[in-house]
Amino acid sequence: MQHPTSADIQRVREFLLDLQARICAALEQQERAGGGTAEFIIDDWERPEGGGGRSRVLQNGTVIEKGGVMFSHINISKLPASATERHPNIAGAKAQAMGVSLVIHPKNPNVPTSHANVRLFVAEKEGQDPIWWFGGGFDLTPFYPNDEDVLSWHQTAHDLCAPFGEEIYPEHKQWCDDYFYLKHRDEQRGVGGLFFDDLNQWDFDTCFQYIQAVGNGYLEAILPIFQRNQDKPYTEAQREFQLYRRGRYVEYNLVYDRGTLFGLQTGGRIESILVSLPPLTGWSYRPEWDEGSPEKRLTDYYLKPHDWLTELKSTAMK
């Protein structure tokens with residue numbers, strides 16, 4: 001297996017910083033298109049153990065209520081359980097991890113919450129060859145979904161995977177469905193997308209090309225969804241439903257998300273780890289939704305795994 005050199009790691013770092021900047025610039029443009037003026041503030045930080053990052057956060061926007069696009073490149077002297085439970089052979093190894101992770105919470109309930117991340121992990125243990133892998137993906141969490149958005153989201157995911165093999169989209173789509181699942185609620189977090197981890201099945205350069213495609217694909221997928229939905233009118237009842245559904249997002253991130261657990265177990269910067277949480281949310285005791293309502297259809301249909309490309313294309317042809 002090809003092992004990454006320091007120059008390879010630097011190339012990944014440069015791509016990630018550029019990706020972070022491009023995503024923030026594009027989302028600020030959407031904010032301005034909706035009449036807002038909010039911008040991402042830049043917050044550079046360092047860790048005593050080594051490494052650091054650049055946090056970019058937008059708050060109280062007209063289009064984006066809260067968005068965090070976070071870059072980190074950290075050094076770890078001893079790997080925590082969240083990293084070694086799947087790789088016991090690297091227990092106690094030193095490592096470095098870098099990535100861009102983002103969560104965008106729009107204000108309008110008609111615009112979905114979206115998440116993406118791409119990352120590289122390299123572990124080194126004395127007497128062993130370095131162990132490396134890439135991970136990442138993107139997923140969509142709508143409140144009032146429509147078929148056009150779900151179809152275009154998954155079509156973008158499918159198309160970026162295609163050059164890497166026809167099996168990649170169904171495998172990583174299934175992995176996303178399995179990963180972003182709230183066991184205690186028996187429902188998906190949203191309508192899915194892509195998720196992968198431990199990616200080193202190709203040579204380093206091919207794996208790197210794939211995470212570049214995923215990172216760039218997020219922008220390609222999310223911007224049309226903003227443009228189609230951010231100016232739609234909404235009611236106070238729809239806003240309340242959005243806040244209620246955000247509660248499920250919080251539950252997932254605090255209970256199941258590996259990135260959150262990894263950050264907490266490695267003594268990460270708490271403001272960066274929890275930036276994924278929305279500014280406002282809500283929980284209701286046993287809420288009831290009318291049969292046939294959009295709220296009921298969200299949980300009864302959209303928050304179930306589907307072969308979205310086949311199903312929605314077939315529906316559109318009728």
Side-chain angles (χ1 to χ4, degrees), residues 1-26 40 42-47 49-56 68-77 79-80 82-83 86-87 90 93-103 115-125 128-139 157 160-161 163-165 168 172 175 193-221 258-259 262-263 266 268-269 272-273 275:
M1 178 186 292
Q2 174 193 356
H3 300 300
T5 65
S6 57
D8 291 328
I9 293 172
Q10 181 63 25
R11 284 192 296 134
V12 177
R13 177 185 171 94
E14 290 172 356
F15 164 73
L16 293 172
L17 283 167
D18 177 68
L19 177 67
Q20 181 193 40
R22 287 187 288 111
I23 289 174
C24 290
F40 284 90
I42 298 176
D43 185 11
D44 291 327
W45 50 273
E46 296 181 354
R47 297 173 78 241
E49 189 176 1
R54 170 168 290 180
S55 299
R56 295 192 179 210
V69 185
M70 322 300 283
F71 165 80
S72 63
H73 183 184
I74 64 171
N75 300 320
I76 306 162
S77 60
L79 287 167
S82 60
R86 302 190 322 278
H87 304 276
I90 61 173
K94 66 177 183 178
Q96 57 179 311
M98 68 173 73
V100 165
S101 181
L102 67 91
V103 176
H115 159 259
N117 77 84
V118 285
R119 58 189 183 274
L120 168 65
F121 182 89
V122 182
E124 298 179 81
K125 195 170 186 179
Q128 299 180 8
D129 290 331
I131 297 173
W132 61 269
W133 64 80
F134 287 96
F138 53 65
D139 66 289
L160 73 86
C161 290
F164 300 90
I168 298 301
H172 291 181
W175 204 339
L194 301 172
F195 180 84
F196 59 96
D197 207 354
D198 303 331
L199 181 76
N200 59 12
Q201 67 198 62
W202 309 305
D203 62 78
F204 186 87
D205 285 343
T206 303
C207 293
F208 181 31
Q209 289 168 15
Y210 183 62
I211 71 153
Q212 290 177 79
V214 171
N216 294 330
Y218 167 76
L219 265 184
E220 182 182 345
R258 286 184 199 159
F262 180 82
T266 55
R269 184 173 183 264
S272 298
I273 296 168
V275 76

side-chain contact (heavy atoms from CB on, under 4.5 Å) between Val275 and Val103, worked out: CA-CA 8 Å; Val275 76; Val103 176; over 6 Å; no
Under 3.5 Å donor-acceptor, Glu49 side chain and Ser77 backbone: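 Yes, Glu49 side chain to Ser77 backbone: donor-acceptor pair under 3.5 Å.
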Expected output: side-chain Asn216 to main-chain Gln212 donor-acceptor under 3.5 Å: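 Here the side-chain-to-backbone pair exists.
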Shortest non-hydrogen contact between [X] and [Y], atoms and distance:
{"X": "Asn200", "Y": "Cys207", "answer": "CA-SG, 3.8 Å"}
{"X": "Gln20", "Y": "Val69", "answer": "NE2-O, 2.8 Å"}
{"X": "Pro130", "Y": "Val122", "answer": "CB-CG1, 4.5 Å"}
{"X": "Ser55", "Y": "Ser272", "answer": "OG-OG, 3.1 Å"}

Salt bridge (charged side-chain N to carboxylate O under 4.0 Å, His left out) against Arg11, all qualifying residues, sequence neighbours excluded: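 Result, salt bridge (charged side-chain N to carboxylate O under 4.0 Å, His left out) vs Arg11: Asp8, Asp205.
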Full working for side-chain contact (heavy atoms from CB on, under 4.5 Å) between Phe208 and Val12: CA-CA 7 Å; Phe208 181 31; Val12 177; 3.9 Å; yes
Tell me, do [X] and [Y] make a side-chain contact under 4.5 Å, heavy atoms counted?
{"X": "Leu219", "Y": "Phe138", "value": "no"}
{"X": "Ile211", "Y": "Leu120", "value": "no"}
{"X": "Val214", "Y": "Phe196", "value": "yes"}
{"X": "Trp132", "Y": "Phe204", "value": "yes"}

[atom1]/[X] to [atom2]/[Y] distance, rounded to the nearest 0.5 angstrom?
{"X": "Arg119", "Y": "Leu199", "atom1": "CZ", "atom2": "CG", "result": "10.0 Å"}
{"X": "Asn75", "Y": "Gln96", "atom1": "CG", "atom2": "CD", "result": "6.0 Å"}
{"X": "His73", "Y": "Gln10", "atom1": "NE2", "atom2": "CD", "result": "8.5 Å"}
{"X": "Ser72", "Y": "Arg269", "atom1": "OG", "atom2": "CZ", "result": "11.0 Å"}
{"X": "Arg56", "Y": "Leu102", "atom1": "CZ", "atom2": "CG", "result": "12.5 Å"}
{"X": "His115", "Y": "Phe195", "atom1": "NE2", "atom2": "CZ", "result": "8.5 Å"}

Candidates Leu17, Ile9, Leu16 - the one meeting side-chain contact (heavy atoms from CB on, under 4.5 Å) with Arg13: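 Filter result, single survivor: Leu17.
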Near-ring test His172/Tyr210, centroid separation under 6.0 angstrom: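 Between His172 and Tyr210, which both carry aromatic rings, the centre distance is below 6.0 Å.
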Close aromatic pair by centroid cut-off 6.0 Å: Phe121 and Trp133: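 So the answer is yes for these two rings.
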Atom CD of Gln201 with >12 non-hydrogen neighbours under 6.0 angstrom: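 Enclosed.
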